[in-house]
Chemist: 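Can you read through this structure? Questions will come right after.
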Amino acid sequence: MPDTPDYSWPAVEKRRVIGKRTSRLDGYAKSSGTAKYSYDIQRPGLLYGAVLTCPHAHARLTSIDAGAAQKSNGVTAVELLAKPGEEIHYAGYEVAAVAATSEDLARDALRKIKVEYEVLPHLVSERDLAKAGSRAKPSGEQVTGDPDQAFKDADAVSEGFYGIPVINHCCLESHGQVIEWKGNQFEYWPSTQNLSGIGGDLAKVLEIPATSVHTHMDVMGGGFGSKFGHDRWGEFGARLSKKSGGRAVKLFLDRSTELQIAGNRPSLFAKIKLGGKKDGTMTVWQSESWATGGVGGGGLPAGQLPYVFRGVPNKRMTHTSVSVNAAEERAWRAPNNPQLSYVTCCAMEDLAAKLNVDPVAFFDKNLDYAGKIPGPEAYRAQLKKAAELAEWARLWHPRGQSGSGSVKRGLGIGFNAWGGLGHPSKCLTTINPDGTVKVELGSQDLGTGTRTVIAMVAAETLGLPVAAVQVRIGDNKYPPSGPSGGSTTVGGVSASTRKSTMNALAKLFEVVAPALGVPADQLEAADSKIQVKGSPSKNLTWKAACRKLGTKSIAEMGENAQRGPGGLIGSGVGGVQIADVSVDTETGIVKMNRVVAVQDCGLVINPKTAESQCFGAVLLSISAALTEERVMDPVTGRILNADMEFYKLTGIGDVGEIIVHLNREPEHDKRGVIGLGEPPVIGGIAAIANAVTNAIGVRPPVVPLTPDKVLAALEGRNA
Amino acid sequence: MEAFEYANPATVQEALGLLGKRWEDANVLAGGTDLLSLMKDYIQTPKRVVSLKGIKELGGIEKTAAGLRIGAMVTLAELLANTEVLAEYPSLAEAARGVSSMQLRNIGTVGGDLCQRPRCWYFRLGYGLLAKGPSGESLVEKGDNRYHAIFDNKGPAYFVSASSFGPALVALGAKVKLVSAAGSRELPVEKFFLAPRDEKGRENALQPGEILTEILAPPGAGVRNATYEVRQKEALDWPLAAASVALKMRGNLVVSARIVLGHVAPTPWRATESEKSLAGKVVNAAVAEAAGKAAVEGATPLGGNAYKVQLARVAVKRALLEAVKARA
């Protein structure tokens, strides 16, 4: 059913703002330091919170005494967060928190809290499944077709082990908030992906009405899926403020605690056996996989393999979830997808090598196994484009044939797939008699350009320049908008903004129509004017039109109520990435030459920020492929690199060239807006690992591909 | 961090009067890039911090007949801006470039680099310099030792010296001047670094009442020197292994060589067998390769750091080839 009125996007040739490269509206504020993150909030009499965490991976707390901390210099409140007798399942678990007049005094006070533990045995590594014992929970075997027969019939069989460890979210702005009570209500400045919802959620646990919380956040410094909830620190932060007579308490996790408990992505390890035919057809998939997402186990249902190529006719799969003594996983940008893509694309390139088939031809051949959306043909077109941009024909050599020098060059491929759609979102557009326009949504800009996209949609609809639209987001007094997860934000806010601004414009047309002597439905907005369709010379300037409102402003809502496609938004995207690396075979150091990212995301509102999303995603892939991992100490059970020194993220000198190609052909455009947060972060790790393997001729099975692992592979010492 | 008294003396003499007999009494602040993080993590909790930032006599780089005097408070950026250093001491310049953070180069000092504490992750988590568990066992041996020592690692110390300049200065045969209220002493940099043998030991010879005031490098002219660091990232990252070499040459022939490995032992590690192997030779690819191999003879890697043997070998080879490369 088409919407009434017709909210659909203007035809490509009529767009004046949408599709134009537009810089972030908050770019200057962010780069100059004037943007205020919640971390930057200062309040009169501000107090600082600090958290004491358990240093043991598994322990029973036997006693806790905060008497001395209570009396410590500058301390205004203490919260005990664990009770004697309580079993603690990971290092970093919060046991107490204090508020004090300075951050240093708060941290000094923590050291005066006496906590005793009975240390219990721990398991912190899942890599060796045999050592997991009862901590491993296998799921049933899933069989499709006749895998045994298919292996017998195969021209080649490839067997391998593949692993991708737990990594953290590592948000540059750590988790936390500022909370200040005023009577029975409080002001709340969190760092969140869920601006409209988080205050009510926190109110619920504090047993106060949702209306008692005023949530604000202008900008935020990274969430990646880890910042939907108020978390324990929201709750005890609020209590510390209340106990301190309502004085504002700033409580953000320190870097070490952030890396220990504020989010991680599950691992995935798999033994994979594949069979195929000489012509490059993969005929059978067999995998035994296991993973951990922390103390609750984790990972994925086995049926999600193989990634993208799910239609392979013969499959046998098992999956085992392993519980380890580490904090719980959180959604990490495209939950489970990078891991699935990694083991799938690596195992498939290994089969291609065994079959002596060029990987481009091999993946192309097997794309009939891909699902309907975006579909085999869309992927084939992307694969072709990526190969062209990566100069595959010129640069690719069969595995191990990368020349005689000590530095070897290689190329590899990875695939992306994601959904999209749009979260529920409401938008209120106000047009004032003086011509000013404001657009209000209880949404959040994670740094991705949401604010800019909203302004662009409003400007397009109202025929105004982007600068003429005031976007107000980041406050729960605005109409509610959904959490930013699952790549649903741009769909949600662009649809609600489109509808709201069109509804408001329709009201303006009604007011203006008599003056222009035509019915309201004969009017259009363009070039800062309201004009008669087909007779643009019959017009009123925007300002003159708005003056006709007299003293009454227009305020109209628009809503994206459904997650389902409704014309404005779509779902189901794919992407192909090709990495080009050079490996120093004497040191095992991998240098990125180039990553090509070909990506579909439907109608592109702002090509500049869309490409930025892909750039950022590629950076994360480079880190995960080459340097990044959570190092768990087998002896102490603690994270050894809960810092920014040995938790190694890629730096600007390590990136190489990134080429982003967005599919903007008409068949993609007509599908409507589709989010781009997740898709481009999926296939890069596989592409880089495959490129390294292509360069050196052997597979280092477990990322990150640090020198030790690359050298071990070269020396045939793979575990 | 715990509250402390901050002192900002104008002279070395004044600074010495502010130091104590024990490490807990007072710590010296140079650039502060290490000390502040140690204090924030309560690894060090001095009652007083004595800043050297206001002491002019600790700055400056001067060429003398005896060689090059580098004030302890010279920043890495200043070192890299010095034409004498760039021309005659490329091994020092390269070590400074290896600290690939402009902020650290601008604030970090040469003296501070020599005195910084090890980066061993157990030490930084509060398990002590010798990284011992509750019953006195080494955490490093059974734990994750990927970044730990491959030489001189029979315990109790397993950490690696974190100094960027240590290997180059040992290779050059440089000295440091240490000043205390009782007077001053000069020590070869090689003797400055120590592997602690017990709980009381430290990673260098500096005493609580002493200040490292200057570095004295012998004349660089005619000494071919180079540093090669194996770092995974171009962005700020610790070397996994490094080598500095200093070659006294007669024409193309090596008269004598000093080869020092970095980040492989609790101290900068001299590869004496490798040094001997070079005497009287022309350094070419094969000779450098052999010297690299000789340099890692006798390495005793732990469970997780055998790869560093290979990296150290390559670092020596590449440093040698860099040292003899024709200069532009």
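Letters A, B, ... are given to chains in the order of the sequence lines, protein chains preceding strands, and every chain is numbered from 1.
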Chemist: Are more than 12 heavy atoms from other residues, nucleotides or ligands located less than 6.0 Å from atom CD of A/Glu116?
Modeler: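 12 or below, so no.
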
Chemist: Please state whether the side chain, the backbone, both or neither of A/Leu705 comes within less than 4.5 Å of a heavy atom of chain B.
Modeler: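 Interface part for A/Leu705: backbone (N, CA, C, O).
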
Chemist: Under 3.5 Å, which donor-acceptor pairs link side chains of residues 155-168 of chain B to any protein atom two or more places apart or in another chain?
Modeler:
| residue | atom | partner | partner atom | Å |
| --- | --- | --- | --- | --- |
| B/Tyr158 | OH | B/Glu141 | OE2 | 3.1 |
| B/Ser161 | OG | B/Ser163 | N | 3.4 |
| B/Ser163 | OG | B/Asp113 | OD2 | 2.7 |
| B/Ser163 | OG | B/Phe165 | N | 3.3 |
| B/Ser163 | OG | B/Gly166 | N | 2.8 |

Chemist: Please identify, among A/Val119, A/Asn73, A/Val590, A/Thr627, the residue contributing the most non-hydrogen atom pairs under 4.5 Å to chain B.
Modeler: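 Top count of heavy-atom pairs under 4.5 Å with chain B: A/Thr627.
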
Chemist: Give a yes or no on whether A/Met644 atom CE has more than 12 heavy-atom contacts from other residues, nucleotides or ligands under 6.0 Å away.
Modeler: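 Yes.
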
Chemist: Counting only N and O atoms by type, is there a donor-acceptor contact under 3.5 Å from the side chain of B/Tyr42 to the main-chain atoms of A/Asp108?
Modeler: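 Looks like yes, one N/O pair under 3.5 Å.
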
Chemist: A/Thr636, A/Thr650, A/Ile652: which one forms the most heavy-atom pairs within less than 4.5 Å of chain B?
Modeler: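 Most heavy-atom pairs under 4.5 Å with chain B: A/Thr636.
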
Chemist: A/Ile639 versus chain B, heavy atoms under 4.5 Å apart: side chain, backbone, both or neither?
Modeler: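 Contact with chain B: backbone only.
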
Chemist: Between B/Arg146, B/Lys308, B/Lys142, which has the largest tally of heavy atom pairs under 4.5 Å with chain A?
Modeler: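 Ranked by heavy-atom pairs under 4.5 Å with chain A, first place is B/Arg146.
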
Chemist: Please report the interatomic distance OH(B/Tyr307) to CG(A/Leu714), rounded to the nearest 0.5 Å.
Modeler: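 One finds 15.5 Å between OH of B/Tyr307 and CG of A/Leu714.
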
Chemist: Strictly distance-based, threshold 3.5 Å: is any side-chain N or O of B/Lys233 a donor or acceptor partner for the main-chain N or O of A/Leu649?
Modeler: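 The answer is yes, because a donor-acceptor pair under 3.5 Å joins these two groups.
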
Chemist: For A/Ile589 versus B/Gln232, what's the shortest heavy-atom pair and its separation?
Modeler: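 Where A/Ile589 meets B/Gln232 most closely, the heavy atoms are CG2-O, 3.9 Å.
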
Chemist: Does the A/Glu586 side chain pair with the main chain of B/Arg313, one donor and one acceptor, at a distance under 3.5 Å?
Modeler: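 Here the side-chain-to-backbone pair does not exist.
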
Chemist: Do other residues, nucleotides or ligands put more than 12 heavy atoms under 6.0 Å from A/Lys591 NZ?
Modeler: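 Atom NZ in A/Lys591 is packed in, count exceeds 12.
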
Chemist: I need the residue from A/Pro55, A/Pro707, A/Gly651 with the largest number of non-hydrogen atom pairs under 4.5 Å to chain B.
Modeler: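 Among A/Pro55, A/Pro707, A/Gly651, the one with the most close pairs to chain B is A/Pro707.
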
Chemist: Measuring from atom OG1 of A/Thr587 to atom CG of B/Leu240, what distance do you get when rounded to the nearest 0.5 angstrom?
Modeler: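 Rounded to the nearest 0.5 Å, the OG1-CG separation comes out at 9.0 Å.
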
Chemist: Mind checking whether B/Leu311 and A/Asp708 have side chains closer than 4.5 Å, heavy atoms only?
Modeler: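 The answer is no; the side chains never approach within 4.5 Å.
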
Chemist: Is B/Asn305 close to chain A through its backbone or its side chain, or both, or neither, when contacts mean heavy atoms under 4.5 Å?
Modeler: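 It is neither, since no heavy atom gets under 4.5 Å.
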
Chemist: Measure B/Ala241 against the heavy atoms of chain A and call it side chain, backbone, both or neither at under 4.5 Å.
Modeler: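 Neither; nothing under 4.5 Å.
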
Chemist: Counting only non-hydrogen atoms closer than 4.5 Å, does A/Thr706 touch chain B with its backbone (N, CA, C, O), its side chain (CB onward), both, or neither?
Modeler: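 Both backbone and side chain of A/Thr706 come within 4.5 Å of chain B.
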
Chemist: Which pair of heavy atoms, one from B/Gly143 and one from A/Pro634, lies closest together, and at what distance?
Modeler: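 The answer is CA-CG, 4.1 Å.
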
Chemist: Among the options A/Arg111, A/Arg638, A/Arg107, A/Glu103, pick out the one with the most heavy-atom pairs lying under 4.5 Å from chain B.
Modeler: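 Answer, by heavy-atom pair count under 4.5 Å with chain B: A/Arg111.
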
Chemist: Specify which of A/Asp254, A/Asp584, A/Leu105, A/Asn641 makes the most heavy-atom pairs with chain B at under 4.5 Å.
Modeler: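 If we count pairs closer than 4.5 Å to chain B, A/Asp584 comes out on top.
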
Chemist: Go through B/Glu234 and A/Val655 one step at a time and tell me if the side-chain contact (heavy atoms from CB on, under 4.5 Å) criterion holds.
Modeler: CA-CA 9 Å; B/Glu234 293 288 327; A/Val655 172; over 6 Å; no

Chemist: Go through the atoms of B/Leu236 and report whether side chain, backbone, both or neither lie under 4.5 Å from a heavy atom of chain A.
Modeler: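 Neither part; nothing is under 4.5 Å.
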
Chemist: Step by step, would you call B/Arg231 with A/Asp654 a salt bridge (Lys or Arg N to Asp or Glu O under 4.0 Å)?
Modeler: CA-CA 11 Å; B/Arg231 281 180 279 110; A/Asp654 303 301; over 6 Å; no

Chemist: Spell out the residues in residues 119-131 of chain B that have some non-hydrogen atom less than 4.5 Å away from a non-hydrogen atom of chain A, in order of number; otherwise answer 'none'.
Modeler: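 At a heavy-atom separation under 4.5 Å, chain A is reached by B/Arg119, B/Trp121, B/Tyr122, B/Leu125, B/Tyr127.
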
Chemist: Once rounded to the nearest 0.5 Å, what's the spacing between atom CE of A/Met632 and atom CG of B/Asp144?
Modeler: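 A/Met632 CE to B/Asp144 CG: 11.0 Å, rounded to 0.5 Å.
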
Chemist: Would you compute the distance between atom NZ of B/Lys40 and atom CZ of A/Arg255 and round it to the nearest 0.5 angstrom?
Modeler: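 Those atoms lie 12.5 Å apart.
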
Chemist: So which atom in B/Asp237 and which in A/Lys648 form the shortest heavy-atom distance, rounded to 0.1 Å?
Modeler: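 So the two residues come closest at OD1-NZ, 2.9 Å.
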
